[in-house]
Engineer: 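Starting off with a structure, shown below.
Chain A is the first sequence line, chain B the second, and so forth, proteins listed ahead of strands; every chain is numbered from 1.
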Amino acid sequence: MEEIQQAVNRTIQETFNVDLSAELTRTQEQFGDYATNVAMQLAGRLQKPPREIAESLAAALRESLSDTVRDVSVAGPGFINIALSDQALVAMANAAPTNKPTTFKDQVVVAEYSDPNPFKVLHAGHIYTSVVGAAISNIIAAAGGEVHRVNFGGDVGLHVGKTMWAVLQELGGENPEKLQEIPSERHAEWMAACYVAGTNAYEDDEAAKAVIIDLNKRVYQLFADNDHDSPFAQIYWTCRQWSYDYFDEFYARIGTPFEKYYPESEVSTLGINTVREQLVKGVYKESDGAVVFEGEPYGLHTRVFINSQGLPTYEAKDVGLIMQKWQDYHFDRSVVITGNEQAQYMAVVLKSIEQFKPELTQATTHLTHGLVKLQGGVKMSSRKGNILRAVDVLDAANEANKAATGRDDEQAILGAVKYAFLRPRIGADIIYDPAESVSLEGNSGPYLQYAHARARSVLRKGQAQADGAIADLDAAERSLARKIGEYPEVVKKAVDDLLPHHICTYLYELAQAFNRFYEHAKVVGDPREATRLRLVTLYADVLKDGLGLLGITAPEQL
RNA sequence: GCGCCCGUAGCUCAGUGGAUUAGAGUACUUGGCUUCGAACCAAGGGGUCGCAAGUUCGAAUCUUGCCGGGCGUACCA
């Protein structure tokens, strides 16, 4: 593609003495393989009819690209359509499984996502953000980045006070030894129930509310005193560990493990110190007893970093987190993935850091996604416990899959759920329908897994013939080869935009192209077997590679 | 009020560095398995691209203004 693009640029330069970078787009197969509209762009500057410009460019390109191009034609108001030769198409297809962009070559990248709070339950949104974050991390890694996947969460704060309140009720006071009576497989659900009880008490019971506020302060004090031994400390640390065990287990299950957790407690001191330091230098200001950053000069709003009681808010903690990540990794790029309700909040935090560490914010990218809603547009409400938990999403997928296939298949339901979450472009809220996600038909994860398994099955029958050279292509083969060769361009686009859904769109089109090919092209036993086996191999490899970027497995057989 | 995100077929979504006739899936109606895995393929109906102006040879895409939805807007995260 780049070769052709350069040839077009060179031709424009030579023919019209104009420096212009031509944009090459993929076009419908009936028109060719690539198209460009430079002739229309040039029409104004050259004061010539676009078709005339297109004709002379096309003629020159036919000459200079005679090795790689089958035909260069002019269509409509002045589009130049370029059809590749079979050899060029085959060369691109051959390179497709391994040809990756080098956008992040030799760069250290920190990817932060998921960010659940200890002492709370993982909900559907956590699967979504984890799956999206993992896919983006995979894409960056494919482009050469050294990716460190990290996770940030609140091990201190009011929600901890709420949970601890109910925990103490359950234990009948500060009796850490009673925790041992809770079997390990019930830890997560027990703590989730405690959080719900604590939240309800906080809202309904004034006395409890006061206790919870006090417990919150006591938790902060544990860190100030480095207290691991008092009964209260033992309960806190044990429950905190239960949370991290539960997170680890869940991430392992869905295949999105993390290298490091950054608990809030570990970054808040750095955050508060940094903010105080910069308060003296005038970056932050005191206002009504709190420390704030005034965003209005930058079109943002003012936010509190240290509250009037001297405690750090999330803003100061995030300052600490970013500083800590910098100290730990000296990253070239830091990608933070959160819900879009944090978009403007993060803009303020980053703008404030830009005042004293501009190199750090320049290297930071904040990507935001929407909420997970259920089919029918019902929003998942937080608190109270009437939420869709992460396991509920997987259970629903499992139920639906079982109803359709009659068996349990963890890889199938993970493939289904992940694909359902990755298919839409990041940004808007997503509507999740468990039944549709595990559907065996249409644009779904199982369709792609099936399409892969089917190809591998053909290859098993075709034995080891699959590395033969391809000489020429018939129409069905050409369509498939064309689609396979597009893969590197799609990955490049996904990397440039940091948008994994481009890969979903492509893989589905690829699988469709294969299924059409398969429909009327016999592979094993056909005179063209060698060529076709080679194409099927490339197809299956690309499909597997693409699913891998999405974090979806591609089983050899289903 | 101000700011950010979003609005494409009944439903769920691609397409938004401008481009050839706006595409998929699903649902509905049909056709195709004695043949490499039919979880597949093919055909059909279904769209004022929220509305209106503007820029252009050309706008779902860019600009402006409206309408509708979500979120944010100082001591929550």
Engineer: Partner of B:C33 by Watson-Crick or G-U wobble geometry, both contacts under 3.5 Å, or none?
Structural biologist: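 With both distances under 3.5 Å required, B:C33 matches none.
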Engineer: Return the value, rounded to whole Å, for the distance between atom CD of A:Gln28 and atom P of B:G15.
Structural biologist: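 Distance, rounded to whole Å: 16 Å.
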Engineer: Can you check whether A:Thr553's main-chain N or O pairs, donor with acceptor, with A:Gln449's side chain at less than 3.5 Å?
Structural biologist: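 Yes, A:Gln449 side chain to A:Thr553 backbone: donor-acceptor pair under 3.5 Å.
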Engineer: Which one, B:C40, B:A19, B:G37, comes nearest to the side chain of A:Gln557?
Structural biologist: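 The answer is B:G37.
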Engineer: Picking from B:A19, B:A39, B:A74, which would you name as closest to the side chain of A:Val304?
Structural biologist: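 Of the candidates, B:A74 comes closest.
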Engineer: Would you mind reading off the distance between A:Arg425 atom CZ and B:G7 atom C1', rounded to a whole angstrom?
Structural biologist: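 The distance from CZ of A:Arg425 to C1' of B:G7 comes to 15 Å, rounded to the nearest Å.
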Engineer: Measure CD/A:Gln342 against P/B:G72 and give the value in whole Å, please.
Structural biologist: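 For the pair A:Gln342 CD and B:G72 P, the rounded distance is 10 Å.
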Engineer: Using purine N1 to pyrimidine N3 plus N6-O4 or O6-N4 for Watson-Crick, or N1-O2 and O6-N3 for G-U wobble, both under 3.5 Å, which nucleotide pairs with B:G68?
Structural biologist: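 In the structure as shown, B:G68 has B:C6 as its Watson-Crick or wobble partner.
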Engineer: Would you indicate, yes or no, if B:C36 has its OP1 or OP2 atom less than 4.0 angstrom from a side-chain nitrogen or oxygen of A:Arg454?
Structural biologist: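 Answer is no, no contact under 4.0 Å.
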Engineer: What is the distance from CD1 of A:Ile53 to P of B:A19, rounded to the nearest Å?
Structural biologist: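 Distance, rounded to whole Å: 19 Å.
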Engineer: Do A:Tyr195 and A:Phe119 have their ring centres less than 6.0 Å from each other?
Structural biologist: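 Centroid distance A:Tyr195-A:Phe119: not below 6.0 Å, so no.
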Engineer: Under 3.5 Å, is there a donor on one side chain and an acceptor on the other for A:Tyr298 and A:Glu354?
Structural biologist: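 Judged by distance alone, the side chains do not pair up.
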Engineer: Watson-Crick or G-U wobble partner for B:A74, using a 3.5 Å limit on both distances?
Structural biologist: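 Result: none.
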Engineer: Would you mind pulling out the nucleotide paired to B:U63, Watson-Crick or G-U wobble, both distances under 3.5 Å?
Structural biologist: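 Base partner found: B:A53.
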Engineer: When the distance from NE2 of A:His501 to P of B:C6 is rounded to whole Å, what number comes out?
Structural biologist: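 Computing the A:His501:NE2 to B:C6:P distance gives 12 Å.
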Engineer: Check this one for me: any side-chain N or O of A:Tyr450 less than 4.0 Å away from OP1 or OP2 of B:A39?
Structural biologist: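 Yes, within the criterion.
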Engineer: Mark yes or no for whether A:Asp429, through its side chain, and A:Gly370, through its backbone, hold a donor-acceptor pair below 3.5 Å.
Structural biologist: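 Pair absent, no side-chain N/O of A:Asp429 close to backbone of A:Gly370.
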Engineer: Rounding to the closest angstrom, what is the interatomic distance between B:G15 and B:U20 at atom P?
Structural biologist: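 The answer is 15 Å between these two P atoms.
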Engineer: Quick one: look up who B:U21 pairs with, Watson-Crick or G-U, both distances under 3.5 Å, and put none if it's unpaired.
Structural biologist: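 Its partner: none found.
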Engineer: Ignoring the backbone of A:Val458, work out which of B:U12, B:G37, B:C40 is nearest its side chain.
Structural biologist: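 Out of B:U12, B:G37, B:C40, the nucleotide with an atom closest to A:Val458's side chain is B:G37.
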Engineer: Determine whether a donor-acceptor pair (one donor, one acceptor, N or O, separation below 3.5 Å) exists between the side chain of A:Thr405 and the base of B:A39.
Structural biologist: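 Checked by distance alone, the answer is no.
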Engineer: Which comes earlier along RNA chain B counting from the 5' end, the contact point of A:Ala521 or that of A:Ile430, where each point is its nearest nucleotide?
Structural biologist: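 Between the two, 5'-proximity favours A:Ile430.
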Engineer: When all nucleic acid strands are considered with a 4.0 Å heavy-atom cut-off, which category describes A:Phe305: base, sugar-phosphate, or nothing?
Structural biologist: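 If one applies the 4.0 Å heavy-atom cut-off, A:Phe305 turns out to touch nothing in the nucleic acid.
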Engineer: Round to the nearest Å and state the distance from A:Glu341 atom CD to B:G3 atom C1'.
Structural biologist: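 Between C1' of B:G3 and CD of A:Glu341: 16 Å.
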Engineer: Between N or O atoms, less than 3.5 Å apart, protein on one side and nucleotides 59-65 of chain B on the other: list the pairs.
Structural biologist:
none

Engineer: Whom does B:A38 pair with, Watson-Crick or G-U wobble, provided both distances fall under 3.5 Å?
Structural biologist: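 Because no pair has both required distances under 3.5 Å, B:A38 counts as unpaired.
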Engineer: Among B:G15, B:G70, B:A19, which nucleotide sits nearest the side chain of A:Asp429?
Structural biologist: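 Comparing B:G15, B:G70, B:A19 against the side chain of A:Asp429, the answer is B:G70.
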Engineer: Provide the distance between the two P atoms, one in B:A43 and one in B:G25, to the nearest whole Å.
Structural biologist: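 Approximately 10 Å lies between the P atom of B:A43 and that of B:G25.
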Engineer: Of the nucleotides B:A39, B:G37, B:G25, which one has an atom closest to the side chain of A:Arg460?
Structural biologist: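 From the listed options, B:G37 comes nearest.
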Engineer: Quickly, which of A:Leu535, A:Asp474, A:Val523 forms a side-chain contact (heavy atoms from CB on, under 4.5 Å) with A:Arg528? Name it, please.
Structural biologist: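 The residue from A:Leu535, A:Asp474, A:Val523 that satisfies side-chain contact (heavy atoms from CB on, under 4.5 Å) with A:Arg528 turns out to be A:Asp474.
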Engineer: Using 30° and 60° as the class limits, which term best fits the ring planes of A:Phe421 and A:Tyr432: parallel, tilted or perpendicular?
Structural biologist: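 Tilted.
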Engineer: Would you say a side-chain N or O of A:His301 is under 4.0 Å from OP1 or OP2 of B:C4?
Structural biologist: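 Negative; the distance criterion is not met.
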Engineer: For the P atoms, the ones on B:C49 and on B:C62, what distance do you get once it is rounded to whole angstrom?
Structural biologist: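 Comparing P positions in B:C49 and B:C62 gives a spacing of 15 Å.
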Engineer: Does B:G37 have its OP1 or OP2 closer than 4.0 Å to a side-chain nitrogen or oxygen of A:Ser457?
Structural biologist: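 Affirmative; the distance criterion is met.
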Engineer: Measure CD1/A:Ile503 against C1'/B:A14 and give the value in whole Å, please.
Structural biologist: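 After rounding, the reported distance stands at 15 Å.
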Engineer: Donor-acceptor pair, distance only, cut-off 3.5 Å: does the side chain of A:Asn307 make one with the backbone of A:Thr313?
Structural biologist: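 Not a single qualifying donor-acceptor pair exists.
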Engineer: Tell me whether the OP1 or OP2 atom of B:A42 has a side-chain N or O from A:Arg516 closer than 4.0 Å.
Structural biologist: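 Yes.
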Engineer: Which listed nucleotide (B:C75, B:G37, B:C13) is nearest to the side chain of A:Ser308?
Structural biologist: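 So the nucleotide nearest the side chain must be B:C75.
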Engineer: For B:G37, does OP1 or OP2 lie under 4.0 Å from any side-chain N or O of A:Lys461?
Structural biologist: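 So the side chain of A:Lys461 is within the cut-off, an N or O lying under 4.0 Å from OP1 or OP2 of B:G37.
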Engineer: Under a 3.5 Å cut-off for both contacts, is B:G47 paired Watson-Crick or G-U wobble with anything, and if yes, with which nucleotide?
Structural biologist: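 The answer is none; no pair meets the criterion.
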Engineer: Over 60° means perpendicular and under 30° means parallel, so tell me whether A:Tyr508 and A:Tyr447 are parallel, tilted or perpendicular.
Structural biologist: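 Correct class here is tilted.
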Engineer: Looking at B:C40 and A:Tyr518: do their rings stack (centroid distance under 5.5 Å, interplanar angle under 30°)?
Structural biologist: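 No.
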Engineer: Using centres under 5.5 Å plus planes under 30 degrees as the test, is A:Tyr314 stacked with B:C76?
Structural biologist: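 Answer is no, no stack.
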Engineer: Select one nucleotide: of B:A39, B:A77, B:G32, the one nearest the side-chain heavy atoms of A:Glu519.
Structural biologist: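 For A:Glu519, the side-chain atoms sit closest to B:G32.
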Engineer: Does the distance from a Lys or Arg side-chain N to an Asp or Glu carboxylate O, for A:Asp433 and A:Lys373, drop under 4.0 Å?
Structural biologist: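 Between A:Lys373 and A:Asp433 there is no salt bridge, as every charged N stays at least 4.0 Å from the carboxylate O atoms.
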Engineer: Between B:A19 and A:Asn37, counting only base atoms on the nucleotide and side-chain atoms on the residue, is there a donor-acceptor pair under 3.5 Å?
Structural biologist: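 Side chain to base: pair found, below 3.5 Å.
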Engineer: With rounding to whole Å, what would you report as the distance between B:C57 and B:C71 at their C1' atoms?
Structural biologist: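 After rounding to an integer number of Å, I get 41 Å for this pair.
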Engineer: Would you kindly check whether a donor in the side chain of A:Thr27 faces an acceptor in the base of B:U20, or vice versa, at under 3.5 angstrom?
Structural biologist: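 Answer is yes: a donor-acceptor pair is held.
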Engineer: Would you tell me if any nitrogen or oxygen in the side chain of A:Lys522 comes within less than 4.0 Å of OP1 or OP2 on B:U35?
Structural biologist: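 It does not, given that no N or O in the side chain of A:Lys522 lies less than 4.0 Å from OP1 or OP2 of B:U35.
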Engineer: Regarding A:Asn81, tell me which of base, sugar-phosphate or nothing describes its non-hydrogen contacts under 4.0 Å with the strands shown.
Structural biologist: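 Base, at least one base heavy atom under 4.0 Å.
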Engineer: Flag the pair A:Glu556 / A:Arg460 as yes when at least one side-chain heavy-atom distance between them is below 4.5 Å, and no otherwise.
Structural biologist: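 Touching, per the 4.5 Å side-chain cut-off.
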Engineer: If I pick the P atom on B:G44 and the same atom on B:A24, what distance separates them, to the nearest angstrom?
Structural biologist: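 Rounded to whole Å, the distance is 10 Å.
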Engineer: Sticking with atom P, work out how far B:C5 lies from B:A52, rounded to a whole angstrom.
Structural biologist: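 Roughly 24 Å separates the two P atoms.
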Engineer: Determine the Euclidean distance between corresponding P atoms of B:A38 and B:C11; express it in Å to zero decimal places.
Structural biologist: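 B:C11 and B:A38 have their P atoms separated by 34 Å.
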Engineer: Rounded to whole angstrom, note down the P distance from B:U30 over to B:G23.
Structural biologist: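 About 26 Å, rounded to a whole number of Å.
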Engineer: Check whether any side-chain heavy atom of A:Val491 sits under 4.5 Å from a side-chain heavy atom of A:Pro101, and report yes or no.
Structural biologist: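 A side-chain contact under 4.5 Å exists here.
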Engineer: Could you check whether the side chain of A:Gln344 and the base of B:G3 have a donor-acceptor pair of N or O atoms closer than 3.5 Å, going by distance alone?
Structural biologist: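 Counting by modelled atom types and ignoring angles, a donor-acceptor contact under 3.5 Å is found here.
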Engineer: On RNA chain B, nearest-nucleotide positions of A:Asn515 versus A:Tyr34: which is more 5'?
Structural biologist: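 By nearest-heavy-atom nucleotide position, the 5'-most residue is A:Tyr34.
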Engineer: OP1 or OP2 of B:C41 less than 4.0 angstrom from a side-chain nitrogen or oxygen of A:Tyr447, does that happen here?
Structural biologist: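 Yes, because at least one side-chain N or O of A:Tyr447 sits under 4.0 Å from OP1 or OP2 of B:C41.
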Engineer: Mind checking whether A:Phe305 and A:Phe293 have parallel, tilted or perpendicular rings, split at 30° and 60°?
Structural biologist: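 A:Phe305 and A:Phe293: perpendicular rings.
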Engineer: Rounded to the nearest angstrom, tell me the gap between atom CD in A:Gln30 and atom P in B:G23.
Structural biologist: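 Taking CD of A:Gln30 and P of B:G23, I get 10 Å after rounding.
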Engineer: Looking only at side-chain N and O atoms, does A:Arg532 come under 4.0 Å of OP1 or OP2 in B:C36?
Structural biologist: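 Checking A:Arg532 against B:C36: no side-chain N or O falls below 4.0 Å of OP1 or OP2.
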